[in-house]
Amino acid sequence: MPDDRSHLVVVSNRLPVDRTVGPDGEPTWSPSPGGLVTALEPVMRSAGGAWVGWGGQPDLGLEPFEHDGIRIIPIDLSETDIERYYEGFSNDTLWPLYHDVIAPPSYHRVWWDSYVGVNRRFADAAIAAAAPDATVWVQDYQLQLVPRMLREARPDLTIGFFNHIPFPAYGIYSQLPWRTQIIEGLLGADVIGFQRVADAGNFTRAVRRLLPYSTKGAIVNVPDGDGARQVLAKAFPISIDTAGFEELAQRPEVQARAAQIRHDLGNPAKIMLGVDRLDYTKGIRHRLKAFGELLADGRADVGDVTLVQVASPSRERVETYRQLRDEVELTVGRINGDYGTISHQPISYLHHGFPREEMAALYLAADVMLVTALRDGMNLVAKEYVAARSGDLDGVLVLSEFAGAADELRTAVLINPHDIAGLKDAISGALDMPREERRRRMRAMRKRVRENDVEHWSQTFLDALRRVRRGDDLSALGAAPARRSAGQAPAPRAAAGAASTTPGGARG
Ligand code: F6P
C-alpha cells in the first residue's frame, strides 16, 4: 500500500482554503486570502505537504482531499465544539487574556475541556499525516497543546509552533487557571516563534515562574529522559507577500479604481483609511473619538477630510464583539449625523470584507492610514499599506506602538492610542505632512517590508527547524545570560560555574 504520509505538515485552526457552495449545490474550494498560505504554498507543494485544519462550518464531515498540490486534511467541529473551543476558550478566554485583558476573559472549565479535546483531534490528525521524521508546524493560540501531544506520540518529529498574537506579561498570564498546562503544551515544540522580542521574553519568564526549567537567552532546557532538550523561544516577526502587493498596486486597473474611489467620495482633499477586523483590540473607538473631536474642534473639516473605515465582520456570536459593533456603529452614526452635509459624510463605514484588488486600491487612495490597535500581534494591514505605496512613496502611516509592526516600521508616525490628545495631534500632523517627509518615512519602511517579507519569515523559521533536525546546538541562535526558574534550587557553587544557569537571575 503506498505511503501517502507527508514530510511537512502544517496545522492551523482554519484550512488554507475557503469553501463556497455554488448554485448547483456543489462545494468548491478556493485559496483563502492571506500571507501564510502564499508563503507556504511553494514549499508545501515541493514537499508534498499536508495541511490540517477546520473547514469553517460545523459538521462538514469531509474526507481528506488534494488542492493545488497540497493534501488538505479537514477536522470536523460540531456546533458545541465551535461554541466551547473556538468562540469560548480560544476567543473569549485566550484572545482577551493575551491582548492584555482589554476585554475581561471568561474562564469556564467546560470550555477548557473542549479545548483539550479539540487540540487532541488536531494532534491525532497530524500524527496520522506525518511521515517518519517529518516536520510539523503548528500555528497559533487555538492549538497550544498540540506540540506536546505530538511529541508524546511521535518523538521522531521535528515540531515548530508560531504564535500569531501577543504573549502577555506574567502578571496577566498568571490569571489563567490552566497556565502550566499551556506552557507544557508549547514546550513540546523544538522552536516556538513569537511576533516580538517582548513576547518571547514574556514566555520564557512564564516558564521560569511555573516550571523548574532553566533558560539561557532564547533557550529553554526541558528535561528529557536522563538529559535535557533545547527549545528555542524567539521572535520571528511575520510579514506579507510584499512583491505580490507591490505588483497588484501597480496594475493600471487598480490605480484607476483608486482614482474612482476618490471621485466617488466627493474628491476630498484628504482620505484617511482604517482597515480592521471588527475587534476590540483594534482601537477603532479610539480612532473615531479622535476624529470626532478634530471635527468638533474645527481642526478637520468635513469638506476636506473623509475617513473610510472598513470593519470586516468577525466572531459575531461572541458577546464582546456584538457590543463593540453596536458601539462603533452608534459612534459612526453620531459623527455622521453631527458633522455630515448633504454632499459629504465624515465617515464612510463598510461592514464587510473586500478582495485584495479593492484593498490595494483603497491603500492607494488613502493619504493617511490609521492603525490604532490597543494591542496587536503584528498588524499586517500596516505592512500592506507600505507595500502598496512602494511605487509613489506617498501616504502617511499612523501606527500604534502596541502593534508588533511598530518594532520594524520605526519611521511611521508612532502613537499611543490611549492618549487621545496625542492621537489628534498625530492625525493632524499626518494630514499636513510635507511631501518630502512623507517620502523619507515611506522609503525607510519600504526597505524593511522588502527585506522581511513572508517568504523570508517562513524560511527563517523552517531553517531553525532544520537546524534542530540536524542536531545543531541552538545556543548560537539565542544566547544570553542564564536565568534560573522560580522553583529551582540554586546550583551548588562548584557546579554553578560549569552549568548554564545563574542563581537568582532576573524574572519578570
Ligand atoms: O492571528 C489571529 C487570528 O485568530 C488568526 O488565527 C486568524 O486567522 C485570524 O485571527 C482571524 O480570526 P478567526 O479565524 O477567528 O476568524
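Every number for a ligand or one of its atoms is a count from 1 in the order of the listing.
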Asker: Establish whether atom 2 (C) of ligand 1 and some protein heavy atom are separated by less than 4.0 angstrom.
Answerer: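 Given the 4.0 Å limit, the answer for atom 2 (C) of ligand 1 is yes, a protein heavy atom qualifies.
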Asker: Classify the side-chain pair Trp111/Asp92 by whether it contains a donor and acceptor separated by less than 3.5 Å.
Answerer: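 The criterion, which ignores hydrogens and geometry beyond distance, is not satisfied for Asp92 and Trp111.
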Asker: Can you find a side-chain donor-acceptor pair between Tyr321 and Arg277 that sits under 3.5 Å?
Answerer: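 No, no side-chain donor-acceptor pair sits under 3.5 Å.
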Asker: Enumerate the atoms of ligand 1 whose separation from the nearest heavy atom of His164 is less than 4.0 angstrom.
Answerer: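 The atoms of ligand 1 under 4.0 Å from a heavy atom of His164 are 1 (O).
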Asker: Determine the interplanar angle of the Phe461 and Trp137 rings, folded into 0 to 90°, and report it as parallel if under 30°, tilted if 30 to 60°, perpendicular if over 60°.
Answerer: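 Rings of Phe461 and Trp137: parallel, as their planes differ by under 30°.
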Asker: Please list the nearest protein heavy atom to atom 9 (C) of ligand 1 with its residue and the distance rounded to 0.1 Å.
Answerer: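 So the nearest neighbour among protein heavy atoms is Arg315 NH2, 4.2 Å.
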Asker: Do Arg446 and Ser390 have a side chain donor and acceptor closer than 3.5 Å?
Answerer: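 Short answer, no.
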Asker: Is there a donor in the side chain of Asn202 and an acceptor in the side chain of Tyr98, or the other way round, less than 3.5 Å apart?
Answerer: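 Tyr98 and Asn202 do not have a side-chain donor-acceptor pair below 3.5 Å.
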Asker: Check ligand 1 against Trp95 and write out every atom of the ligand that is under 4.0 Å from a heavy-atom position of the residue.
Answerer: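 Matching atoms, with element in brackets: 2 (C), 4 (O).
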Asker: Would you mind listing which atoms of ligand 1 come within a distance below 4.0 Å of any non-hydrogen atom of Tyr86?
Answerer: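 Counting from 1, the qualifying ligand atoms are 13 (P), 14 (O), 15 (O), 16 (O).
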Asker: With under 30° as parallel and over 60° as perpendicular, where do the rings of His67 and Phe65 fit, or are they tilted in between?
Answerer: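 If you compare the ring of His67 with that of Phe65, the planes turn out perpendicular.
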Asker: How far is atom 16 (O) of ligand 1 from the closest protein heavy atom, and which atom is that?
Answerer: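 The answer is Arg14 NH2, 3.1 Å.
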Asker: Report yes or no: does Gln139 have a heavy atom closer than 4.0 Å to ligand 1?
Answerer: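 The answer is no: ligand 1 sits nowhere under 4.0 Å from a heavy atom of Gln139.
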Asker: Can you list the atoms of ligand 1 that are under 4.0 Å from a heavy atom of Asp140?
Answerer: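 Going through ligand 1 atom by atom, the ones under 4.0 Å from Asp140 are 1 (O), 2 (C), 3 (C), 5 (C), 6 (O).
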Asker: With a 3.5 Å cut-off and no angle check, do the side chains of Tyr107 and Gln175 form a donor-acceptor pair?
Answerer: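 There is such a pair between these side chains.
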Asker: Taking the minimum heavy-atom distance to atom 11 (C) of ligand 1, which of Met378, Glu316, Arg277 ranks first?
Answerer: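 It is Arg277 whose heavy atom sits nearest to atom 11 (C) of ligand 1.
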Asker: Under 4.0 Å from a heavy atom of Tyr141: which atoms of ligand 1 are those, numbered in the order shown and with their elements?
Answerer: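 Result: 4 (O).
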